[in-house]
Participant: 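Below you'll find the structure I mean.
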Amino acid sequence: MPAKQHSAIPAYQRIQSSIRKRIDAGQLRPGDPVTSERDLAKLHEVSLMTARHALASLEREGIVERRRGIGTFVAEPKIHFNRLMSYTEQMAARSLVAASKILFAKMIDDEPEVAARLALAPADSIVKLQRLRHADQEPFALETCYVSAVQFPALLSAPLQRDSLFAILERDYGVKLGYADEEIDATAADPQTSELLNVPRREPLLRIRQLIYSTNGKPLMYVLGIYRSDRHNFVIRRYR
């Protein structure tokens with residue numbers, strides 16, 4: 001699209017976003033050639049330098065690989081073992097605009113399995129936060145987070161709609177997030193999930209259960225995430 005229609009977004013980010021969307025939609029697969037710098041510059045009505053910068057940034061992130069004298073190609077998906085990243089940080093790294101809608105935010109005391117995962121007593125109070133995640137205004141994931149209500153008092157009064165939960169825990173409660181254990185499998189969209197994620201019923205979805213620990217090895221948060229596989233790009237993130 002012409003640059004004048006997207007003045008609020010840097011041109012190189014628009015180019016990156018268009019390439020990522022094609023990859024996420026399965027239109028571009030590992031090994032497929034990516035539109036050349038010259039053609040990207042014409043398509044997005046930007047300079048050749050801007051198009052080159054967009055591809056160079058994607059290469060640094062491991063999304064594409066550039067082969068001298070041949071062209072640019074979609075890279076094989078990488079498994080990242082670097083650091084915990086919030087959803088907002090992940091989307092920003094992919095030049096996507098993140099947003100969340102809170103579906104449920106209350107204290108509960110009737111999920112003993114979750115309490116056990118967090119090393120709490122069965123009847124201990126837990127904050128349960130369920131959010132519908134969006135990427136570029138499209139539903140992307142349904143995430144349910146659980147943390148100790150005793151360890152994080154007044155969490156429900158924090159700006160959960162606006163701020164990253166990771167950022168709130170680190171800033172307001174002084175915790176240091178360390179690492180996460182994950183269980184990954186597939187599931188099918190039930191009626192409620194299909195409506196929320198805007199996918200057909202029984203659509204294959206990616207399910208990730210995470211137990212997030214502090215740097216001293218104490219369990220801090222349990223997260224159950226249901227992700228649209230067509231938007232996930234099949235990248236397994238052990239730490240996020």
Participant: Please report the interatomic distance CG(Leu197) to CZ(Arg133), rounded to the nearest 0.5 Å.
Facilitator: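 Interatomic distance, Leu197 CG to Arg133 CZ, rounded to 0.5 Å: 12.5 Å.
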
Participant: Enter the distance from Gln16:CD to His53:NE2 here, rounded to the nearest 0.5 Å.
Facilitator: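 Reported value, rounded in 0.5 Å steps: 6.5 Å.
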
Participant: Looking only at heavy atoms, which two atoms of Pro219 and Ala119 are closest? And how far apart?
Facilitator: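 In this case the closest contact between Pro219 and Ala119 is CG-CB, 4.0 Å.
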
Participant: Flag the pair Arg202 and Asp190 as a salt bridge only when some basic side-chain nitrogen lies within less than 4.0 angstrom of an acidic carboxylate oxygen.
Facilitator: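 Not counted as a salt bridge, because no side-chain N and carboxylate O are separated by less than 4.0 Å.
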
Participant: Between atom CG of Asn198 and atom NE2 of His134, what is the distance when rounded to the nearest 0.5 Å?
Facilitator: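 Asn198 atom CG to His134 atom NE2 measures 9.0 Å (nearest 0.5 Å).
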
Participant: To the nearest 0.5 Å, tell me how far Met107 CE sits from Ser125 OG.
Facilitator: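 Result: 5.5 Å between the selected atoms.
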
Participant: Test of understanding: clusters of I, L, V, M, F, W, Y form through side-chain heavy atoms closer than 4.5 Å, transitively. Do Ile102 and Leu156 belong to the same one?
Facilitator: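 Ile102 clusters together with Leu156.
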
Participant: Are Leu120 and Tyr213 joined in one hydrophobic group, where the rule is that I, L, V, M, F, W and Y side chains link up if heavy atoms are under 4.5 Å apart?
Facilitator: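 Leu120 clusters together with Tyr213.
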
Participant: Once rounded to the nearest 0.5 Å, what's the spacing between atom CG of Leu211 and atom CG of Leu220?
Facilitator: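 So the gap between those two atoms works out to 8.5 Å.
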
Participant: State whether Asp185 and Arg209 are salt-bridged, where the test is any N-O pair (Lys NZ or Arg NE/NH1/NH2 against Asp/Glu carboxylate O) under 4.0 Å.
Facilitator: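 Here Asp185 pairs with Arg209 in a salt bridge, since their nearest N and O are under 4.0 Å apart.
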
Participant: Would you tell me whether Ser17 and Arg20 have side-chain atoms, one donor and one acceptor, within less than 3.5 Å of each other?
Facilitator: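 No - no donor-acceptor pair under 3.5 Å links their side chains.
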
Participant: With a 4.0 Å cut-off on N to O distance, would you call Arg201 and Glu203 a salt bridge?
Facilitator: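 Here Arg201 does not pair with Glu203 in a salt bridge, since their nearest N and O are not under 4.0 Å apart.
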
Participant: Linking Ile, Leu, Val, Met, Phe, Trp and Tyr by side-chain heavy atoms under 4.5 Å, what else ends up with Ile70?
Facilitator: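 The other cluster members (ILVMFWY side chains, heavy atoms under 4.5 Å, direct or chained) are Phe73.
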
Participant: Are Lys128 and Phe104 in a cation-pi contact, defined as NZ or CZ under 6.0 Å from the six-membered ring centre and within 45° of the axis?
Facilitator: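 Ring-cation test returns yes.
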
Participant: Please lay out, stage by stage, how Phe166 and Ile212 fare under the test side chain to side chain contact (heavy atoms under 4.5 Å, CB included).
Facilitator: CA-CA 10 Å; Phe166 281 8; Ile212 297 171; 3.6 Å; yes

Participant: Nearest 0.5 angstrom please: Ile108 CD1 to Asp124 CG, how far?
Facilitator: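 With rounding to 0.5 Å, CD1 (Ile108) is 11.5 Å from CG (Asp124).
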
Participant: Under 3.5 Å, side-chain donor or acceptor atoms of residues 144-152 against the rest of the protein: list the pairs with distances, not counting sequence neighbours.
Facilitator:
residue : atom : partner : partner atom : Å
Thr144  : OG1  : Gln130  : NE2          : 3.2
Tyr146  : OH   : Glu111  : OE1          : 3.3
Ser148  : OG   : Val150  : N            : 3.3
Ser148  : OG   : Gln151  : N            : 3.1

Participant: Should Leu103 and Val199 be counted in the same cluster of Ile, Leu, Val, Met, Phe, Trp and Tyr side chains packed under 4.5 Å apart?
Facilitator: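 Yes, because Leu103 and Val199 connect within a single hydrophobic cluster, where side-chain heavy atoms sit under 4.5 Å apart.
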
